[in-house]
Amino acid sequence: MLGLPLLAVVLSLLPHTGRAKTVHGSFDSALAWHSRGQHIFTFLFHGEQAVLRVRISNVAAAVGKDAALYLYQDEEWLKMHGNMEEYSCPERLSLAQISIPLNQTEYNYTLPQILSPVAWYAIYVDRYTCLMSYEDPRTDEITFQVTLLNPDAAGNPFDHFGADESGLHEFFFLLVLVYFVAACIYIQALWQTIKKGGPMHTVLKVLSNALLLQVVSALANYLHFSWYAKDGKGAPFIGSVAELCDIASEVQMLYLLLSLCMGWTLSRMKKSQGRPLQWDSTPTSTGIAVVAVIAQVILLVWEQFEDTNHHSYHAHESLAGILLIAMKICLAVSLAFGLYQIITVERSTMKRKFYITFAKVCVSSWTLCYCFLDIQ
């Protein structure tokens with residue numbers, strides 16, 4: 001499908017970060033000075049025994065630079081970043097709820113009781129961060145690993161998932177189970193229907209391919225979160241495979257629906273009403289579908305670059321996400337209009353029933369469901 005090789009390259013190059021994870025890297029004094037604090041993580045803690053575990057490699061260098069981690073709750077962080085000009089560097093540091101000096105190899109910090117889930121932001125700061133001009137400390141590199149843990153069902157700090165991602169592992173397990181049960185029930189009948197051919201043959205093949213991609217995406221997400229539950233890192237490559245399959249499924253469905261919809265709309269009078277679901281769209285309708293697919297690929301890539309929390313589900317809070325929602329709504333309206341015109345002239349009860357079911361699944365479930373959930 002058009003654009004998928006580009007998406008595969010983009011997803012492989014994007015940093016695999018997320019809100020719930022084991023973070024590792026190196027502290028950068030230059031970056032901390034430029035940004036008035038090097039952002040290390042964002043995590044939604046909850047409960048009574050939430051733990052932050054920090055390990056560093058070069059204690060002597062950290063002590064020499066007065067290195068520390070400063071933690072902010074969501075309210076203070078947004079307040080600080082909403083009015084950056086109003087606060088000097090020392091004033092911004094004074095807003096932090098917690099400061100952790102990096103003067104030992106390993107540090108375990110238990111956060112105070114958190115009644116409701118709240119986002120915590122951590123930045124790295126040292127003695128060079130608030131200077132008027134940067135001075136290169138010329139010290140050895142300080143590498144770190146930060147493990148973020150929430151209490152599990154027993155109250156022990158073993159849960160790597162943030163409050164915003166709690167339950168995802170179980171959700172994808174149930175989703176894979178539902179797909180497996182549905183496949184056992186319907187796959188034989190579907191295969192026989194596809195083998196028979198007929199006016200719905202191409203549509204059923206494309207729908208089946210899109211659903212298969214969704215199944216692969218769900219399975220890959222389940223495997224990723226299974227590993228993630230153990231080490232807080234997961235399998236970023238498998239996570240990218242899940243996202244690529246999800247995007248491929250969306251693009252395939254978009255091209256199918258636009259081809260059918262534009263074909264019905266632009267060549268309705270020329271086509272046989274007995275074969276409206278054959279994929280015989282005009283060059284004009286094919287061109288519109290191709291342009292729409294390219295636009296969706298561009299928006300998806302744009303959203304990936306804007307969303308630093310790289311995963312296969314999106315809040316669609318950016319401009320690219322809003323445009324994607326608008327595109328889906330326009331597609332749903334156009335498809336519903338085309339289907340309505342076909343249903344009004346169709347005499348076959350069986351085909352009319354198929355069109356109505358097709359409209360419910362593709363317009364309501366596939367196209368509009370994501371939009372309304374994202375808006376909520």
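Checking side-chain atoms of His169 against main-chain N and O of Phe171 turns up no donor-acceptor pair under 3.5 Å. At least one donor-acceptor pair closer than 3.5 Å links the side chain of Asn221 to the backbone N or O of Ser217. When atom types are taken as modelled, the side chain of Arg36 and the backbone of Cys130 share no donor-acceptor pair closer than 3.5 angstrom. Checked by atom type and distance alone, the side chain of Asp74 never pairs as donor or acceptor with a backbone atom of Leu44 at under 3.5 Å. Gln49 places no side-chain N or O within 3.5 Å of a backbone atom of Pro151 that could act as its donor or acceptor partner.
Shown here for Asp28 and Leu31, the closest heavy-atom pair between the two residues is OD1-N, 3.2 Å. When all heavy atoms of Val51 and Pro157 are compared, the closest pair comes out as CG2-CB, 3.6 Å. Considering all non-hydrogen atoms of both residues, Val216 and Cys245 come closest at CG1-SG, 3.6 Å. Shortest non-hydrogen contact noted between Ala30 and Tyr134 is N-OH, 3.4 Å. The two residues Ile238 and Ala220 make their nearest non-hydrogen contact at CG2-O, 3.2 Å. Counting all heavy atoms, side chain and backbone alike, Ile40 lies closest to Val23 at O-CG1, 3.7 Å.
Taking the side chain to side chain donor-acceptor pair (under 3.5 Å) definition, one finds that Ser29 meets it with Lys65, Asp126, sequence neighbours left out. Residues satisfying the ring pair (Phe, Tyr, Trp, His ring centres under 6.0 Å) criterion with His46, sequence neighbours excluded, are absent altogether. Gln104 meets the side chain to side chain donor-acceptor pair (under 3.5 Å) test with no other residue; sequence neighbours excluded. Contacts of Phe27 classified as ring pair (Phe, Tyr, Trp, His ring centres under 6.0 Å), with partners at least two apart in sequence or in another chain: Tyr124, Phe144. In terms of the side chain to side chain donor-acceptor pair (under 3.5 Å) criterion, Ser35 has no residue partners (sequence neighbours excluded). Partners of Glu106 according to the salt bridge (charged side-chain N to carboxylate O under 4.0 Å, His left out) rule, which considers only residues two or more places apart in sequence or in another chain, are Arg55. Applying the side chain to side chain donor-acceptor pair (under 3.5 Å) test to Thr110 and every residue at least two apart in sequence or in another chain returns nothing. Listed by chain and number, the residues in a salt bridge (charged side-chain N to carboxylate O under 4.0 Å, His left out) with Arg127 are Asp66 (sequence neighbours excluded). Listed by chain and residue number, nothing satisfies the side-chain contact (heavy atoms from CB on, under 4.5 Å) test with Ser166 (two or more places apart in sequence, or in another chain).
Pairs passing the side-chain hydrogen bond (donor to acceptor under 3.5 Å, both in side chains) check and including a residue from residues 86-95, sequence neighbours excluded, read Ser88-Glu91. For residues 216-225, no pair satisfies salt bridge (charged side-chain N to carboxylate O under 4.0 Å, His left out), with sequence neighbours left out.
For the pair Leu71 and Gln97, the minimum side-chain heavy-atom distance is 4.5 Å or more. The closest side-chain heavy-atom distance from Thr143 to His24 is not below 4.5 Å. Counting only heavy atoms from C-beta outward, the side chains of Trp120 and Leu148 never approach each other to under 4.5 Å.
Cluster membership for Tyr128 and Leu69, using ILVMFWY side-chain heavy atoms within less than 4.5 angstrom, is not shared. Hydrophobic clustering (ILVMFWY, side-chain heavy atoms < 4.5 Å, transitive): Ile194 and Leu213 are in distinct clusters. No chain of hydrophobic side-chain contacts below 4.5 Å, direct or via other Ile, Leu, Val, Met, Phe, Trp or Tyr residues, connects Leu102 to Trp33. Taking hydrophobic clusters as Ile, Leu, Val, Met, Phe, Trp and Tyr residues chained together by side-chain heavy-atom distances below 4.5 Å, Leu93 shares a cluster with Leu95. Linking Ile, Leu, Val, Met, Phe, Trp and Tyr whenever their side-chain heavy atoms come within less than 4.5 Å puts Val54 and Val63 in one cluster.
With Tyr222 as the fixed residue, the ring pair (Phe, Tyr, Trp, His ring centres under 6.0 Å) test singles out one of Phe173, Trp227, Phe172: Phe173.
Atom-to-atom distance recorded for Ile100:CD1 and Tyr109:OH is 6.5 Å, nearest 0.5 angstrom. The OG atom of Ser26 sits 9.5 Å away from the CD1 atom of Ile142 when rounded to the nearest 0.5 Å. Glu170 CD to Phe225 CZ: the interatomic distance, rounded to the nearest 0.5 Å, is 10.5 Å. The distance from atom CG of Leu207 to atom OG of Ser249, rounded to the nearest 0.5 Å, is 9.5 Å.
At most 12 non-hydrogen atoms from other residues, nucleotides or ligands lie less than 6.0 angstrom from NE2 of His34.
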Exercise for the section: Go through the steps to decide whether Ile56 and Tyr107 satisfy the test side-chain contact (heavy atoms from CB on, under 4.5 Å), and finish with yes or no. Expected result: CA-CA 9 Å; Ile56 62 175; Tyr107 192 96; over 6 Å; no
Exercise for the section: Begin from the C-alpha positions of Leu149 and Asn156 and carry the test side-chain contact (heavy atoms from CB on, under 4.5 Å) through to its verdict. Expected result: CA-CA 9 Å; Leu149 298 168; Asn156 301 314; over 6 Å; no
Practice task
Please lay out, stage by stage, how His160 and Thr147 fare under the test side-chain contact (heavy atoms from CB on, under 4.5 Å).
Solution key: CA-CA 8 Å; His160 290 279; Thr147 303; 3.9 Å; yes
Handout entry: Leu52/Phe41 under side-chain contact (heavy atoms from CB on, under 4.5 Å): CA gap, chis, key distance, verdict
Key = CA-CA 11 Å; Leu52 168 66; Phe41 68 80; 3.8 Å; yes
Atom pairs and distances, donor-acceptor, side-chain atoms in residues 174-190, under 3.5 Å, two or more places apart:
none

